[in-house]
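Notes for the one structure printed next.
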Amino acid sequence: MSKRFLYVNRKAPYGTIYALESLEVVLIGAAFEQDVSLAFLDDGVFQLVKGQQTDELGVKNFSPTYKALGDYDVNKIYVEKESLEARGLSLDDLLPLTYEDEDDDWAEKDSIKLVSAAELAEIMEAQDVVLSF
Amino acid sequence: MSKRFLYVNRKAPYGTIYALESLEVVLIGAAFEQDVSLAFLDDGVFQLVKGQQTDELGVKNFSPTYKALGDYDVNKIYVEKESLEARGLSLDDLLPLTYEDEDDDWAEKDSIKLVSAAELAEIMEAQDVVLSF
Amino acid sequence: MKFSILVSEGPYTHEAADTAYNFTKAALEKGHEIYRIFFYHDGVNNGTRLTTPPQDDRNIVNRWSELAQAHELDLVLCVAAAQRRGIADADEAKRNGKDADNIAPGFRISGLGQLIEAGIESDRLITFGD
Amino acid sequence: MKFSILVSEGPYTHEAADTAYNFTKAALEKGHEIYRIFFYHDGVNNGTRLTTPPQDDRNIVNRWSELAQAHELDLVLCVAAAQRRGIADADEAKRNGKDADNIAPGFRISGLGQLIEAGIESDRLITFGD
Amino acid sequence: MLHTVNKSPLERNALESCLKHAVKGSAVLLIEDGVYGAMKGTVKSSMVEDAMKDISFYVIRPDLKARGIDESRVIDGIEIIDYHGFVDLAAKYDKTQSWL
Amino acid sequence: MLHTVNKSPLERNALESCLKHAVKGSAVLLIEDGVYGAMKGTVKSSMVEDAMKDISFYVIRPDLKARGIDESRVIDGIEIIDYHGFVDLAAKYDKTQSWL
């Protein structure tokens with residue numbers, strides 16, 4: 001019986017390592033064939049902002065890895081609407097994350113689902129294991 | 001020529017080690033005969049709350065050390081009024097910190113000076129070295 | 001009930017390591033099983049035997065080692081996090097060309113899969129961090 | 001101008017260690033003097049030679065050691081903070097009955113007085129932390 | 001679900017975000033610096049008092065005592081517990097989410 | 001005085017507290033996660049815009065770029081600098097205070 005795992009991301013990238021090391025857990029966890037979801041809220045939405053360029057800072061740009069999540073069957077990525085709006089962001093500012101739906105002739109579909117805080121609260125409540133970083 | 005050192009404390013005690021390790025710097029620094037002040041603002045005012053009892057938590061209670069500061073000639077302790085008020089605290093909730101004034105026949109005097117944010121801003125501006133923990 | 005614990009911060013700097021310890025001890029006292037304690041992020045710094053805290057303070061590392069011995073706890077340091085932060089056992093030290101190791105008794109180094117497995121196998125997984 | 005730097009967080013977990021390095025490098029490039037870099041709180045974890053970061057990432061510890069060698073920098077780890085967190089040189093290891101040490105080349109362990117002295121002797125003291 | 005909050009609501013947004021995402025019937029446990037959220041008379045007290053209609057609140061006594069917060073200063077209706085009570089809550093609720 | 005702020009104003013109170021304590025003529029440099037305070041259109045932008053009457057604002061470009069914040073999104077009047085510029089500011093102002 002597979003469990004529902006939710007990874008909750010509330011922190012900005014680069015200022016601290018939590019975003020990067022959270023992603024490492026998600027990648028390893030994908031091999032365990034559980035039901036995996038990711039939530040991005042508060043400053044966590046900054047993790048998905050596109051156009052990250054880290055060469056001048058001298059650290060590793062790990063944002064391309066989010067785009068690989070679809071290949072690992074991680075395609076339920078919930079982004080909170082209120083958090084985006086408070087930061088002046090819209091979905092257009094985020095990395096386009098997609099997956100190929102094997103139940104729909106491998107059609108390319110969006111992994112990101114824009115949800116309200118109230119919807120996200122219900123999603124959190126529906127999990128078996130919640131991991132926060 | 002002595003320099004004016006200000007230690008800025010903005011963090012609560014016990015949740016993180018910064019309050020304790022900041023105090024260790026102040027004690028060592030007292031031996032250098034500089035002009036020393038401490039500022040407590042934001043959650044830093046919680047460091048001075050009296051009645052701390054740490055036995056059940058199993059960590060060291062370092063709050064008595066604040067009372068020793070007067071003996072080290074550290075007697076300019078600025079506490080921000082706005083920060084206290086936002087936390088429902090008054091001076092009565094804080095440790096009584098005093099020193100003996102050698103210029104006034106060793107009279108016991110209060111080390112704590114209640115200041116407004118605007119006054120604290122001027123105090124910060126008047127320093128040579130500002131250390132924040 | 002079967003609990004697992006995730007510790008995400010190092011000793012002394014954040015209270016997380018203390019809360020995790022106090023929770024674990026209380027759970028054992030109440031007769032629960034601790035399936036695994038997994039140390040991630042700076043949490044791996046709980047597993048170095050080179051600490052020498054002041055005599056009048058608690059010894060966080062030794063406290064874990066002693067609890068592990070008394071209750072046969074499985075204390076796992078994440079290998080990737082440990083490599084970044086300089087926590088190594090003899091094998092890791094050898095593999096990475098280091099001339100010393102610093103892991104404390106009762107801890108072992110393993111992969112992130114051990115955290116996921118703890119989440120699957122335990123009734124509850126509780127995170128302590130910053 | 002004479003700068004000193006206070007680094008209050010360990011490598012990788014917080015950006016403080018990166019910013020402190022980038023600031024130091026820029027100050028040296030502009031011809032300023034770096035009087036001392038003092039590592040306090042978790043900052044002492046910048047000085048362990050046991051780290052093995054991923055190959056595609058920066059090596060924060062080696063970067064400090066190399067900068068210290070190139071510019072004769074004084075990299076000081078606070079002894080009290082280092083004891084709490086398990087950073088030791090050969091002397092400290094011996095004094096505290098440890099069977100290994102882990103300090104990286106170019107760092108030395110000393111007291112908090114070195115931080116106060118840096119504040120007195122330098123034109124500027126800049127803190128990088130969390 | 002049991003939510004734990006370990007940050008002061010006067011410094012960070014963790015408690016506020018938690019309360020926005022805690023559904024009716026869930027519980028919030030204030031631990032570590034999170035215990036400042038249990039205090040009466042702060043600029044954040046009303047946020048907690050409003051949430052108490054739908055959510056049960058708990059706070060760790062050893063954390064309160066370490067910080068010198070007398071039980072008389074704790075918002076009425078917040079239950080004060082020790083680590084054994086924490087374990088009981090973690091067992092009672094089917095999962096725990098930590099608002100770090 | 002030069003103030004540095006390295007925290008997101010959307011998560012913590014560091015920038016707000018800094019602005020309350022920065023006197024006229026001082027400078028605020030946004031570094032690390034503090035660079036989110038330089039963005040237009042957030043719920044905290046007006047706090048910075050109001051403070052710009054009396055205080056000079058700077059932000060670190062490598063930190064902006066790492067986070068994917070295009071320069072067009074930075075509040076007008078905030079000067080974008082690199083680490084050499086940071087060193088120049090630290091030298092120009094007689095002291096630096098870090099709002100950690």
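A note on names: the letters A, B, ... follow the listed sequences, proteins ahead of strands, and every chain is numbered from 1. Note that the structure is a prediction, hence the values are computed from the model and not measured.
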Legend entry - Minimum-distance pair of heavy atoms, taken over all atoms of E:A90 and C:I126: CB-CD1, 3.8 Å
Legend entry - Heavy-atom closest contact (E:V87 atom, C:A27 atom, distance): CG2-N, 3.5 Å
Legend entry - Which of E:D94, E:I31, E:N6 touches chain C most, by non-hydrogen pairs under 4.5 Å: E:D94
Legend entry - Top contributor to chain C contacts, counting heavy-atom pairs under 4.5 Å, from E:W99, E:Y93, E:F86: E:F86
Inset, instruction - Measure the spacing between OG1 of E:T96 and CZ of C:F128 and express it to the nearest 0.5 Å. - result: 8.0 Å
Legend entry - NZ on C:K25 to NE2 on E:H84, rounded to 0.5 Å: 7.5 Å
Legend entry - Region of E:D63 in contact with chain C, defined by heavy-atom distances below 4.5 Å: side chain
Inset, instruction - State whether E:R12 and C:D130 are salt-bridged, where the test is any N-O pair (Lys NZ or Arg NE/NH1/NH2 against Asp/Glu carboxylate O) under 4.0 Å. - result: yes
Legend entry - Test: C:E15 and E:R67 ion pair at under 4.0 Å: yes
Inset, instruction - Specify which of C:T24, C:N22, C:L125 makes the most heavy-atom pairs with chain E at under 4.5 Å. - result: C:N22
Inset, instruction - Check the surroundings of atom CD in C:E29: do more than 12 heavy atoms from other residues, nucleotides or ligands lie under 6.0 Å from it? - result: yes
Legend entry - Criterion side chain to side chain contact (heavy atoms under 4.5 Å, CB included) on C:T19 and E:Y83, from CA distance to verdict: CA-CA 9 Å; C:T19 311; E:Y83 294 104; 4.2 Å; yes
Where does [X] contact chain E at under 4.5 Å (heavy atoms): side chain, backbone, both or neither?
| X | result |
| --- | --- |
| C:D123 | backbone |
| C:L6 | neither |
| C:H32 | side chain |

Legend entry - Student check: side-chain heavy atoms of E:E32 and C:D18 closer than 4.5 Å: no
